[in-house]
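Working notes for the structure below.
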Amino acid sequence: MSDLANAAIADALDELGDLYELDGAVIHRVLAYHKAAKTIRDAPVSVAALARAGTLTTLPGIGATLAAKIHDLLERGEIPAATKLRERYPTGLLAITALPGLGPKRARRLFDELGVDSPAALRAAADAQQIRSLKGFGAKGEAAILVALAAGGAERPRRRVVLDRALGAAERIVAALREIEPQAQIELAGSVRRRADSVKDLDIVVDNATLLDALGGLESIETASKASASAARGRTHTGMTVELRAVTPDQFGNLLQHLTGSNAHNAALRERAVRTGLHLSEYGVLDDATGVTHHCASEAEVYALAGLAYIPAELRENRGELEAAAAGTLPKLIELSDLRGDLHAHTTASDGHGSIEEMALAARAQGLDYLAITDHSATHGFGDDVSPDQLRRQIELVHEADARIGGIRLLAGSEVNILPDGSPDYEDSLLAELDWVIASVHTSFGLGREEMTERMCRATSHPLIDAIGHPTGRLIERRLPYELDMDALIAACAATGTMLEINSNPDRRDLNEIHARAAAAAGAGILVNSDAHSTERLLGLRYGVWTARRAWLTAADVANTLPWTALAAQSKRARSGT
DNA sequence: GCCGTTTTCGGCCCGACTGTTTTCAGTCG
């Protein structure tokens, strides 16, 4: 049986669901495929391993039929039903359904009646004015198709914006609105509030409708218009869509909960509620028994009516939070103030912009008790490598600064490169002089899955490597993670006592929330580090904490919530006596 | 296709918007 990644299995089920939908299957069957795909994509364990163990149906939404199809995929490399349907419906047809306004039903009509099987064929049919005469279409629909094609909608999905840029824009808008109406309730909603890796647009809820008219006048807004008495829509100069919604204070909780989502969370929440005779919407909670619709000023009231504990926004992805909220077993999530130290930061010795002292003072100002100076190592390129002699000098400088600067403990460390053979790029005798070593991959990203896994697992077996930095190398919306068996790496870390980093750089957030949750479940030590290259970037620790919260982590799951002495005492170095 | 304070069949979240429609289907979030 092959060892497909969860994401690959999920993609296959999503595709099959789309094909079934084109084929006219009942919508609930289609949804079953997409739900199962999401469950698999979010699973903190290897689904291929579950298949080998014969326990696939323990996953919610996976029954006998889907389990059999997943077995086919793993054993034969394909799902026969998908292969058959692909022969009937060309891939170009699926591309057409990605166009705004064109779903499976209308795409199917274009295919059946005009033979349209690709974006190019669609353009030709629209140019020839063949579409307007079709049932369900018209001249307007035909024009909309041409507009969507011209916008390139069929080739690429609309780009998502990485959280820090989106959050910056959102916070500027909220601050500007607060200046106009200081008494109003103004809250971010949507995926920005859930602290997702990236977001598509900005949702903001206010309890004062006069603010709807103010949106267009804000400095950061390029254009805006009032869509209704309770909504305004605008666009920032950077091209992000902003949806501003106004509601009376007594329904503020209903709307905020609705717009915060996620869609999967809300759908599952409403399905649960229906079973107890309640119907949730953005307007209130309708009780079948009494016919009364309850309005909720706060989100906590919405969840309480549904019989649930309050669910923090970061957990609202339908990854088990509803069940935990019903059972009273939601974790007490880690907070930024729980972090006691930061074990990954750079200075001007390599590619950072601050001195040791500047970084130390900035970390102290943030309330941290310790900071590891971990500049790049001997083989780092770009002319900012640190030779062995320079590192010896750097160790002295860190110790000297540590003695001089009060209120923070400075640790002499390094971010060493993991060479393709899995070894670090300093001699062991030099590594032994350091307080802290974090090891990362910065070269040879293109190794095969097995070689890369072997390379990284080998690094974890090195007695002087304390932790693995940004373990997958991904850059959100820019670079895919390298091929790696994360289950194997997590197991190797747990076995050797090597810690895994959640890198807080908002472009990385690596480990991601799925892997971080899996690592915690496997008993691996987890760090939330800034990887700061400047004093300002130390503030980025909140992104790593948000990833940790989305991974369900508590303070006890994250090693650098401990004082340095306690962390050092339980490190693998201390345990092995090196 | 899944699932069970409606248990092995009959349901399956809610509402807005759009365009093509005389009451609604399709799409979207």
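Here A:Arg106 lies in heavy-atom contact (under 4.0 Å) with sugar-phosphate atoms only. Here A:Ala64 lies in heavy-atom contact (under 4.0 Å) with sugar-phosphate atoms only. A:Leu280 comes within contact range of the sugar-phosphate backbone alone, with a heavy-atom separation under 4.0 Å but no base atom that close. Here A:Gly136 lies in heavy-atom contact (under 4.0 Å) with sugar-phosphate atoms only.
For the C1' atoms, the distance linking B:dT7 with B:dC2 amounts to 13 Å, nearest Å. One C1' atom belongs to B:dC17, the other to B:dC12, and the distance between them is 24 Å to the nearest Å. When the C1' atom is compared between B:dT27 and B:dT20, the two are found 14 Å apart, to the nearest whole Å.
Comparing B:dC12, B:dC2, B:dT27 by their closest approach to the side chain of A:Pro104 singles out B:dT27. Nearest nucleotide to the side chain of A:His279, out of B:dC14, B:dG29, B:dG1: B:dC14. The side chain of A:Tyr283 lies closest to B:dA16, out of B:dT20, B:dG1, B:dA16. The side chain of A:Ser281 lies closest to B:dC14 when the candidates are B:dC14, B:dT27, B:dC2. In the set B:dG29, B:dG15, B:dG1, B:dG29 carries the atom at the smallest distance from any side-chain atom of A:His258.
When the side-chain nitrogen and oxygen atoms of A:Lys135 are compared with OP1 and OP2 of B:dA25, none of them lie within a distance under 4.0 Å. The phosphate of B:dT5 (OP1 or OP2) has no side-chain N or O of A:Thr276 nearer than 4.0 angstrom. The side chain of A:Lys35 contributes no N or O atom lying less than 4.0 Å from OP1 or OP2 of B:dC12.
Between A:Lys38 and A:Asp14 there is no salt bridge, since none of the side-chain N atoms of the basic residue sits less than 4.0 Å from a carboxylate O of the acidic one.
A cation-pi contact links A:Arg29 to A:Tyr20, judged by a cut-off of 6.0 Å to the six-membered ring centre and 45° from its axis.
A donor and an acceptor atom, one from each side chain of A:Thr547 and A:Glu513, are nowhere located under 3.5 Å apart.
Screening A:Arg165, A:Arg474, A:Arg160 for a salt bridge (charged side-chain N to carboxylate O under 4.0 Å, His left out) with A:Asp197, the sole residue that qualifies is A:Arg474.
When both pairing distances are held under 3.5 Å, B:dC28 makes a Watson-Crick or G-U pair with B:dG15.
Nearest-nucleotide positions on DNA chain B place A:Ala227 closer to the 5' end than the other of A:Gly103 and A:Ala227. Nearest-nucleotide assignment on DNA chain B puts the 5′-proximal partner with A:Arg245, out of A:Leu134 and A:Arg245.
Here the shortest heavy-atom pairing between A:Gly92 and A:Pro119 reads O-CD, 3.9 Å.
With rounding to whole Å, A:Arg132 atom CZ is found 18 Å from B:dT21 atom C1'.
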